[in-house]
There are 2 protein chains.
Amino acid sequence: MAQEEDRAGATDTNFCVAGRLRMLSRIITSLYNEAFAPVGVTYAQASLLMSIFAQPGVRQVMLSRRLQIEKSALSRDVQGLLRHGWIGENVRNGLYLTEEGNRVAKRCHTIWKEVHEQVRDKLGEDSLQALAQFSDQLFSVKAGRNHESFP
Amino acid sequence: MAQEEDRAGATDTNFCVAGRLRMLSRIITSLYNEAFAPVGVTYAQASLLMSIFAQPGVRQVMLSRRLQIEKSALSRDVQGLLRHGWIGENVRNGLYLTEEGNRVAKRCHTIWKEVHEQVRDKLGEDSLQALAQFSDQLFSVKAGRNHESFP
DNA sequence: CCAAAAGTGTTGTGTATACAACCGGCCTTA
DNA sequence: TAAGGCCGGTTGTATACACAACACTTTTGG
């Protein structure tokens, strides 16, 4: 006799895009946070550390654009990395990892690869491809390659 | 000679699922927040108000499960609605909109329909379908209909 | 050279979210 | 009936993020 439904699902094309993305983001973020916990970092921190590792001296405004994070939000995230001693003090001159930051970034990358592998296995290539398709379409529209505008 | 790349894109199936979802979530949330701003609510608030509108007396734990939001986080979101006077005081007895909450919820729903329409037009059915596919696959795996576990 | 403009980062304020610990009610069971 | 457990909700603490306003630096046009 059908209990109150408490599960999300529904392929209904009428679902709320924002709500769905936010929910998926929460779920997947939790998964990654759990994996990174032993290193003592969150996904957001790990992501920044790995970005800086891959491109030492990168500027905040560059990361801000690449990750589509508001510059003020990123500034505070950077202050967090600073508090933990993972990056050097002179942030206005580009971001550089400290020795410790370097070690943490490497451990993060190892973990990231494992989790990514696991996610790929469980969800399958098709799903990742589907997400990529949505993503590419959004960016394509945002870039104005279609019609005009889309904030 | 190729400037430093600062744009996201890349259909590469090797992209980070968490990073991508978080980015998409930020972008789309901003879009909706902008649309809801005239009413003085954020997307998250509007979403809760509309849920309560659709199901008066709903309990926190139900919304928590449905939206996959941690119960403590939801508790604080509810306190926000309370501060704004959009829901009645006795939250432990189920959530109910006040008169004002009702008005706001209705305006939110109107706006939501407009924005959804606009998003659907710009991105196209195929993209929404792709997102739904990813989403359904994730929930299907989470529900353990494949192999065992996936937190 | 200087003043306006544009670009980069920070601060003030508020919301959204998580995890762990706890509280109070209800139910089970020894 | 009293000791536990489970459940739903709240609180303590810390991140993550946004918008607006500001400060500082660099660039640009005269």
Side-chain angles (χ1 to χ4, degrees), chain A residues 4 6 18-19 21-38 40-49 57-84 86-87 89-95 151, chain B residues 4 6 18-19 21-38 40-49 57-84 86-87 89-95 151:
Chain A
E4 291 246 33
D6 67 333
L21 281 173
R22 291 167 65 86
M23 180 164 51
L24 295 170
S25 168
R26 285 190 292 268
I27 294 169
I28 295 291
T29 297
S30 278
L31 181 67
Y32 277 76
N33 278 341
E34 202 174 322
F36 284 124
V41 300
T42 63
Y43 173 79
Q45 292 165 344
S47 157
L48 288 180
L49 290 176
V58 66
R59 296 294 223 85
Q60 291 189 30
V61 67
M62 176 74 73
L63 293 178
S64 172
R65 282 198 274 262
R66 189 182 300 156
L67 305 174
Q68 298 280 291
I69 292 177
E70 225 276 332
K71 61 182 180 165
S72 64
L74 191 66
S75 173
R76 292 200 154 97
D77 293 346
V78 164
Q79 288 167 29
L81 301 185
L82 211 46
R83 272 199 305 281
H84 288 288
W86 294 325
I87 60 173
E89 290 288 345
N90 233 352
V91 297
R92 286 158 174 246
N93 238 40
L95 305 176
Chain B
E4 291 247 33
D6 67 333
L21 281 173
R22 291 167 64 87
M23 181 163 53
L24 295 170
S25 167
R26 286 191 292 268
I27 293 169
I28 295 291
T29 297
S30 277
L31 182 66
Y32 278 76
N33 279 341
E34 203 174 321
F36 283 124
V41 300
T42 63
Y43 172 80
Q45 291 166 344
S47 159
L48 288 180
L49 291 176
V58 66
R59 297 293 223 85
Q60 291 189 31
V61 68
M62 176 73 74
L63 293 177
S64 172
R65 281 199 275 263
R66 189 181 301 154
L67 305 174
Q68 298 279 291
I69 293 178
E70 223 278 330
K71 60 181 181 167
S72 64
L74 190 65
S75 172
R76 291 200 154 98
D77 294 345
V78 164
Q79 289 167 29
L81 301 185
L82 211 46
R83 272 198 306 281
H84 288 289
W86 294 325
I87 60 173
E89 289 288 344
N90 233 352
V91 296
R92 294 177 123 104
N93 238 40
L95 305 176

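Within every chain, numbering begins at 1; the chains are lettered A, B, ... in the order of the sequence lines, protein sequences first and strands thereafter.
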For A/R26, which residues count as a side chain to side chain contact (heavy atoms under 4.5 Å, CB included) partner, sequence neighbours excluded?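 Result, side chain to side chain contact (heavy atoms under 4.5 Å, CB included) vs A/R26: A/R22, A/M23, B/L67, B/I69.
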Considering only C/dT17, C/dT15, D/dC17, which nucleotide approaches the side chain of B/H84 most closely?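 Side chain of B/H84 sits closest to C/dT15.
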Grab the [atom1]-[atom2] distance between [X] and [N] for me, whole Å please.
X	N	atom1	atom2	result
B/F36	D/dA18	CZ	P	17 Å
A/I28	C/dA18	CD1	P	13 Å
B/Q45	D/dA18	CD	P	16 Å
B/R26	D/dC19	CZ	C1'	16 Å
B/L81	C/dT17	CG	P	12 Å
B/Q68	C/dA16	CD	P	18 Å
B/L95	D/dG8	CG	C1'	12 Å
B/L74	D/dC7	CG	C1'	15 Å

How does protein contact run along nucleotides 5-11 of chain C, one letter per nucleotide 5' to 3', with B for base contact, S for sugar-phosphate only, - for none, heavy atoms under 4.0 Å? ---BBBB
Once you measure the plane-to-plane angle for B/Y43 and B/Y32, does it fall in the parallel (<30°), tilted (30-60°) or perpendicular (>60°) bin?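 Judged by the thresholds at 30° and 60°, the geometry between B/Y43 and B/Y32 is perpendicular.
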Plane angle bin for B/W86 and B/H84 - parallel if under 30°, tilted between 30 and 60°, otherwise perpendicular: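 Parallel.
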Would you say B/R22 reaches D/dC17's phosphate, i.e. side-chain N/O to OP1/OP2 under 4.0 Å?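 B/R22 to D/dC17 OP1/OP2: side-chain N or O found under 4.0 Å.
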Under 4.0 Å, counting only non-hydrogen atoms across every strand here, what does A/I69 touch: a base, just sugar-phosphate, or nothing?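 Touches sugar-phosphate only.
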Anything under 3.5 Å between a donor and an acceptor, one on a side chain of residues 73-82 of chain B, the other on a protein residue two or more places apart or in another chain? List them.
{"unit_1": "B/S75", "atom_1": "OG", "unit_2": "B/Q79", "atom_2": "NE2", "d": "3.3"}

If you round to the nearest 0.5 Å, how far is CD of A/Q45 from CG of A/N33?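 If we round to the nearest 0.5 Å, A/N33:CG and A/Q45:CD are 9.0 Å apart.
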Can you check whether B/L95 reaches B/R59 side chain to side chain, under 4.5 Å on heavy atoms?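 The answer is no; the side chains never approach within 4.5 Å.
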Heavy atoms, side chains only, cut-off 4.5 Å: are B/Q60 and B/V91 in contact?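 Counting from C-beta outward, B/Q60 and B/V91 do come under 4.5 Å.
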Which is more 5' along DNA chain C, the nucleotide nearest A/S30 or the one nearest B/R83? Just name the residue.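 That would be B/R83.
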